[in-house]
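Since the structure comes first, as structure tokens, the remarks are kept for the end.
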Amino acid sequence: MGVAENIDALLVKFDITAESLARIAGVQPPTVSRWRHGAMPREEPINRMVEYFGLERDDIVSDAFGLAAKEHGRVGIPTIKPAYSYHVVPMLGNAAAGEWREVYEQHGEAVTIPDEFAESHPRAFGVKPAGSSMDLVFRDDEIAICDPDMEVRDGSVALVGVNGDEATIKRVFFAGNTIVLHAESTMADEYPDIAINTKDPASPPVHLIGEIFWKTLPAKPIKF
């Protein structure tokens, strides 16, 4: 996500037209059209929008911390492509972003994450979200990076184990003895919240495997 998505999110959030935004920002409508195609606004229009709507500069220009990321619950899970300075972590198959799915280690398969995470997340691993219940957070080609040593916090995105080897990726909320697994999907009506009472013997056993702290794209071979 970037400027284009943030401008679109602003129009939706405040229910205004591109022409109205142009007047607020002190530019011509074609300029707003260019922003919606990814052009970077100048500082003066940015400052006008920030002041008028009570926003922060990052809401307009940031990818990971912009308005679009906030509106779609993607804040704090920035995406990067593998760089030359990287750390290799194993892949643990697919996790359902919809229904439960078995998670298993894929021997010989790995994914790269920034080298800076090698020390802070030594046991991190990658898992491929499957399904569409978290498609507002993960695109089809993205890989979620999970750290089993991180405590899952209220409101964080996590890999959750259910019934032993089955797992799913959801945003997790805690309400007393109940764990609520919340989907963030473009088809929200198809994915109601799942509430699991950890004290109810009839409920499936739940294990919070780890927090999702990063997401990345699979490495692509480069032909020389």
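Just so it is clear, the values below take in all heavy atoms, side chains as well, and ignore hydrogens, waters and symmetry mates.
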Assess the residue pair I194 and T168 against the criterion (side-chain contact (heavy atoms from CB on, under 4.5 Å)); give the C-alpha distance rounded to whole Å, side-chain angles, the decisive distance to 0.1 Å, and a yes or no. CA-CA 11 Å; I194 300 170; T168 187; over 6 Å; no
Give the intermediate values and the outcome of side-chain contact (heavy atoms from CB on, under 4.5 Å) for residues V27 and V32. CA-CA 8 Å; V27 299; V32 174; 4.0 Å; yes
Chi angles and distances behind the side-chain contact (heavy atoms from CB on, under 4.5 Å) call for I179, F174: CA-CA 5 Å; I179 296 176; F174 300 103; 4.1 Å; yes
Could you go through V160 and I209, starting from their C-alpha distance and side-chain angles, then the distance that decides it, and tell me whether this counts as side-chain contact (heavy atoms from CB on, under 4.5 Å)? CA-CA 5 Å; V160 183; I209 298 173; over 6 Å; no
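Counted by atom type alone, T31 and R34 present one or more donor-acceptor pairs between their side chains at under 3.5 Å.
Between the side chain of E190 and the main chain of M187, no donor-acceptor pair closer than 3.5 Å is present. For S132 (side chain) and D135 (main-chain N/O), no donor-acceptor pair under 3.5 Å exists by modelled atom type. Without hydrogens or angle criteria, N6 side chain to S62 main chain gives a donor-acceptor distance under 3.5 Å. The backbone N or O of A124 sits nowhere less than 3.5 Å from a side-chain atom of D147 that would complete a donor-acceptor pair. With hydrogens and angles disregarded, no donor-acceptor distance shorter than 3.5 Å links the side chain of D15 to the backbone of V12. Within the 3.5 Å criterion, the main-chain N or O of S156 finds no donor-acceptor partner in the side chain of R171.
For the side chain to side chain contact (heavy atoms under 4.5 Å, CB included) with F53, the lone residue among L67, I16, D59 that qualifies is I16.
Taking every heavy atom of both residues into account, I212 and C146 meet most closely at CD1-CB, 3.7 Å. Between L159 and A167 the shortest heavy-atom distance is CD1-CB, 4.0 Å. Counting all heavy atoms, side chain and backbone alike, A183 lies closest to S133 at CB-O, 3.3 Å.
In this structure, CZ in R139 is found 7.0 Å from NZ in K215, a value given to the nearest 0.5 Å. If you take OG1 on T216 and CD1 on I145, they are separated by 6.0 Å, rounding to the nearest 0.5 Å.
Between W214 and F117, the ring planes are perpendicular. Angles over 60° get that label, and only those under 30° would be called parallel.
Remark: Y52 OH is loosely packed, at most 12 non-hydrogen atoms of other residues, nucleotides or ligands lying under 6.0 Å away.
A salt bridge links E43 with R57: at least one charged nitrogen is closer than 4.0 Å to a carboxylate oxygen. Using a 4.0 Å cut-off between charged side-chain N and carboxylate O, R48 and E44 make a salt bridge.
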Under 3.5 Å, sequence neighbours excluded: what are the donor-acceptor pairs made by side chains of residues 198-205?
from	atom 1	to	atom 2	distance (Å)
T198	OG1	N177	O	2.7
D200	OD1	A202	N	2.9
S203	OG	N197	O	3.2

